[in-house]
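Here's the structure we're looking at; comments come further down.
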Amino acid sequence: MEKYNFREIEEKWQKRWEEEEIYRAKFLSDKKKFYVLEMFPYTSAQIHMGHVRNYTIGDVISRFFMMNGFNVLHPIGYDAFGMPAENAAIKQKIHPKDWTYKNIETIRKQLKKLGISYCWEREVITCDSDYYRWNQYFFLQFYKKGLVYKKLSPANWCPSCKTVLANEQVVDGVCWRCGLEVEQKELSQWFVKITEYAEKLLDFSGIKNWPERVIIMQKNWIGKSYGTEVHFTIPELNKELIVFTTRPDTLFGATYVVLSPRHPMVQDILKKGRLKSEIEKFLLKVKGQGLTVEATIKMEKEGIYTGFDAINPVNNEKIPVWIGNYVLMEYGTGAIMAVPAHDQRDFEFAQKYKLPVKIVIKNPEWNGIPEKLEAAYEGEGKMINSGQFNGLSNREFMEVITEYLTEQGKGRKAICYSLRDWCISRQRYWGTPIPIIYCKNCGTVPVPEKNLPVTLPYNVNITGQGESPLKNLPEFFHCKCPQCGGDAERETDTMDTFMDSSWYFLRYASGDIKDKPFDKEEVNYWMPVDQYIGGIEHAILHLLYSRFFIKVLNDLGYVNFKEPFKNLLCQGMVIKDGAKMSKSKGNVVDPDDMIKTYGVDTLRLFILFAAPPELDLEWSEKGIEGTWRFINRVWNLNSNILSYESQGTDTGDINVERIINKTINSITEDITKDFHFNTAIAKMMEFVNNLSKSIEKKECSREKLVSVWQRFIKTLSPFTPHICEEMWELMGNKGSLVAEKWPEINEEYLIDENISIAVQINGKLRGRITIPAGCSEKDVVEMAVKEPSISRWLKDKTILKKIYIQNKILNLIIK
RNA sequence: GCCGGGAUGGCGGAAUGGCAGACGCAACGGACUUAAAAUCCGUUGGGAAGUAAUUCCCGUGAGGGUUCGACUCCCUCUCCCGGCACCA
């Protein structure tokens, strides 16, 4: 018996697949297609177990659909722009481009060793000007449509490094490099109007099968809420202050209003000079408070009185105008009305600053009206202290007051989204240059399409300090205005890398193309992606931006579909010792080491077997040995079958035929229903255990055994393709298994002659009986009561009720 | 703080209203071997009774509910993980 030499087998087949180009996707418009896509890797130094998991899952799906007669597209590429390349440049004194391409080389080698069925001819590298020029092209199309604009927006700013910091570069409110406190700085930045698509993005009807939680997360992120705009007046400023509220019913209870520190009216107030130094001091303090999540959660709610009052439009009451650090300019109108009696946050703020509390909704559980509240009452009730509206239910009153305000010209119904426009400006080098030119005479001028790409210059010095290196590069920064030919300056912001990943899957789908972003006809054939696979960490941003991008391209007539990803599978993390694998924790397992020791088929099988895809996967050194043993058993069994000789018996043949049909049937179900490869593999292990016993007993004929075994090899092949191809060839077959048809099921072998059912007495299991298939309830009960383990419970009792679930269980209720 | 997900043997997990613990790991016992490794066979949720076949009780984070029947559905609570932009 020849020993299982995985190294030889894997090298042999990987070489052959490559030579014969069997995974090359062909545009065959009359053939039903299947586009399977895994999120492309970021070009950090190496791939890790998380990638191996992601790509192995994709590969099983890809091979399964190939064998089921689909024309499959299964591409790969590299997400190659982004901050880590600049960090590497700073630390290792290596150019971001050199670092990136060096990494791509390594990753490509690693991926090839995994034996994934990729169509390598369609590789995409986002930092290649052949790719990013089309980012610039789309930017210009969006610009023409009025979907991009520039506005002031705050960014994390380190005053010592004089540079913009990403949220992850701000650690506990200080700069990660110099440790100095981070400030907010207003910068003029480019935005894409994703908010214009909020309503379209809330419509998930074009999506077939996404995890429910991802849809919920996206809906919450878009955050549609219905409410009312209320117009307060500030007589001393001669201005109207518009606030948005979802609780217009509490309007009579408003005791102050609060502006965001970035609200334009703050400037009007400062101009008047009242309390100016106090307000400025407060604004300065707020400026030091970070934009990061930890910062905003830890931040204490603070405010300051402006010295001005606003008039409540419903009762002409004068209430103070405050500025508060907790009011966001990005949401609603950047100003709120505060109702401490009926909103807990307003209540706490009012307590802190001794602001009045006015109850306008009566809690039905109250006896009379309390003098003092312990907490805000946020529930339902009847209106009080609300003038002519007293006595109405607050629900009714919401409608009534909104109508009243509308009639008076003091407000209206409004819808608010918490979704904000997409800031695509990055003050960094390693990204797609934004194709805009600033001319003293002509203003903001887009780079003409024929001048694309605006190439990212190579000759830069990356320090991580100061402004973008592109500003210090005269040959890039200084240019001629395309309109008047005069001296002009280039935009030095580069694009957010989410721009790259919002359409890379279209580029894959159109093969080698130079003069267009993609081939419309071919893209319309392959798209949408039939199965997208990736980590849950991309549940919101990447997936939402891609959906948005496709909807815009659809509106602009570039594509004929409205959703990029029909089905989505989010896989869990790979963890070790209870924590995510990471260098800092020192719990990383290198895929290359595992491949050297066990071979890639074993690694793939273990990763698929250890947990269902959507759950976190606990790495186990012992566990992989288990799958290694299984693979070897399969290999040895193949040798045994090659030399097997027996006439067998009819029952033996029927028996193995039953086993294989049941096995393949339930594996097919596991794959197609929810990609539960772990249970599919468990069933293959069971099959191998059973078949080994049958072979030992020489129960079946050689002919039957070979037929059954060949079907098994096919079924196993998407999981461990190399060893299966080898066994397939040893069995005397030619050609690759992906060209073979997935084995069919013969229904008649799925049904057993005898079925074991459980018998319960009063819901408690008391025995088991074996019945012929298709037995009637009456017969089952008759057989059950004869069974000694059952009859002893029935002595001196009467059967009140019989519940029989066919082929499963009989429950007798007795007294 | 808000949103989402989860809790099942010594461990990874299986069963989504019908026999809890498939399959694998670990452990223990046995076969082979001079020996070890590898391999193969068997046992394995906890407790109690019995020489034994076997039988009974308990058991899916805690408590309650619905149901003939609940790991599964509903309510309350505890703990763990993930995401986040104080969303008015």
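So you know, we letter chains A, B, ... as the sequences are listed, proteins then strands, and number each from 1. Note that the structure is predicted; figures quoted are calculated from it, not measured. Both backbone and side-chain heavy atoms feed into the values below; hydrogens, waters and symmetry mates do not.
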Contact class for [X] (heavy atom, under 4.0 Å): base, sugar-phosphate, or nothing?
{"X": "A/Ser756", "answer": "base"}
{"X": "A/Asn762", "answer": "nothing"}
{"X": "A/Ile805", "answer": "base"}
{"X": "A/Trp793", "answer": "sugar-phosphate"}
{"X": "A/Ser620", "answer": "nothing"}
{"X": "A/Asn220", "answer": "sugar-phosphate"}
{"X": "A/Ile813", "answer": "sugar-phosphate"}
{"X": "A/Gly332", "answer": "nothing"}
{"X": "A/Glu625", "answer": "nothing"}
{"X": "A/Arg633", "answer": "sugar-phosphate"}

[N] pairs with, by Watson-Crick or G-U criteria that keep both distances under 3.5 Å:
{"N": "B/G17", "answer": "none"}
{"N": "B/G59", "answer": "none"}
{"N": "B/A35", "answer": "none"}
{"N": "B/G4", "answer": "B/C81"}
{"N": "B/A53", "answer": "none"}
{"N": "B/A22", "answer": "none"}
{"N": "B/U66", "answer": "none"}
{"N": "B/G29", "answer": "B/C41"}

Please find out if less than 6.0 Å separates the ring center of A/Tyr256 from that of A/Tyr353.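 For A/Tyr256 and A/Tyr353, the ring centres are not under 6.0 Å apart.
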Where the side chain of [X] is defined as all heavy atoms beyond and including C-beta, which of [options] is the nearest nucleotide?
{"X": "A/Asn678", "options": "B/C23, B/A88, B/A14", "result": "B/A14"}
{"X": "A/Asn811", "options": "B/C68, B/A88, B/G4", "result": "B/C68"}
{"X": "A/Glu618", "options": "B/G18, B/C87, B/G12", "result": "B/G12"}
{"X": "A/Arg420", "options": "B/C87, B/G24, B/G82", "result": "B/C87"}
{"X": "A/Ile803", "options": "B/G18, B/G82, B/A88", "result": "B/G18"}
{"X": "A/Leu328", "options": "B/A88, B/C23, B/G18", "result": "B/A88"}
{"X": "A/Leu615", "options": "B/G13, B/A26, B/C68", "result": "B/G13"}
{"X": "A/Arg345", "options": "B/G24, B/C87, B/G18", "result": "B/C87"}
{"X": "A/Thr245", "options": "B/C25, B/A88, B/C23", "result": "B/A88"}

Between [M] and [N], how far apart are the [atom1] atoms? Round to whole Å, please.
{"N": "B/A62", "M": "B/C11", "atom1": "P", "answer": "15 Å"}
{"N": "B/A22", "M": "B/G45", "atom1": "C1'", "answer": "15 Å"}
{"N": "B/C25", "M": "B/C77", "atom1": "C1'", "answer": "35 Å"}
{"N": "B/C75", "M": "B/G82", "atom1": "C1'", "answer": "25 Å"}
{"N": "B/G50", "M": "B/A38", "atom1": "P", "answer": "41 Å"}
{"N": "B/G10", "M": "B/G21", "atom1": "C1'", "answer": "14 Å"}
{"N": "B/C73", "M": "B/G18", "atom1": "P", "answer": "11 Å"}
{"N": "B/A27", "M": "B/C84", "atom1": "C1'", "answer": "45 Å"}

For [X] and [Y], which I'm curious about, is there any donor-acceptor pair between the side chains at under 3.5 Å?
{"X": "A/Ser756", "Y": "A/Thr770", "answer": "no"}
{"X": "A/Thr195", "Y": "A/Asp421", "answer": "yes"}
{"X": "A/Gln189", "Y": "A/Arg426", "answer": "no"}

Compare side-chain N and O positions of [X] against OP1 and OP2 of [N] and report whether any pair is under 4.0 Å apart.
{"X": "A/Arg629", "N": "B/A26", "value": "yes"}
{"X": "A/Asn632", "N": "B/U39", "value": "no"}
{"X": "A/Lys764", "N": "B/C58", "value": "yes"}
{"X": "A/Arg766", "N": "B/C57", "value": "yes"}

Rounding to an integer number of Å, can you tell me how far A/Glu212 CD sits from B/G6 P?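 From A/Glu212 CD to B/G6 P: 12 Å.
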Spacing between A/Lys622 atom NZ and B/C23 atom P, to the nearest angstrom: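 After rounding, the reported distance stands at 21 Å.
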Cationic N near anionic O, under 4.0 Å, A/Lys285 to A/Glu302: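 Salt bridge flag = yes for A/Glu302 with A/Lys285.
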Classify the angle between the aromatic ring planes of A/Trp628 and A/Tyr4 as parallel (below 30°), tilted (30 to 60°) or perpendicular (above 60°).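 Ring orientation, 0 to 90° scale: tilted.
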Please classify the glycosidic conformation of B/G59 as syn (within 90° of 0) or anti (everything else).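 For B/G59, whose glycosidic angle is more than 90° from 0, the conformation is anti.
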Are any non-hydrogen side-chain atoms of A/Met684 and A/Leu716 less than 4.5 angstrom apart?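 Yes, at least one pair of side-chain atoms sits under 4.5 Å.
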Would you say that A/Cys775 contacts A/Gln806 through its side chain, given a criterion of any heavy-atom pair below 4.5 Å between the two side chains?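 A/Cys775 vs A/Gln806: side chains apart.
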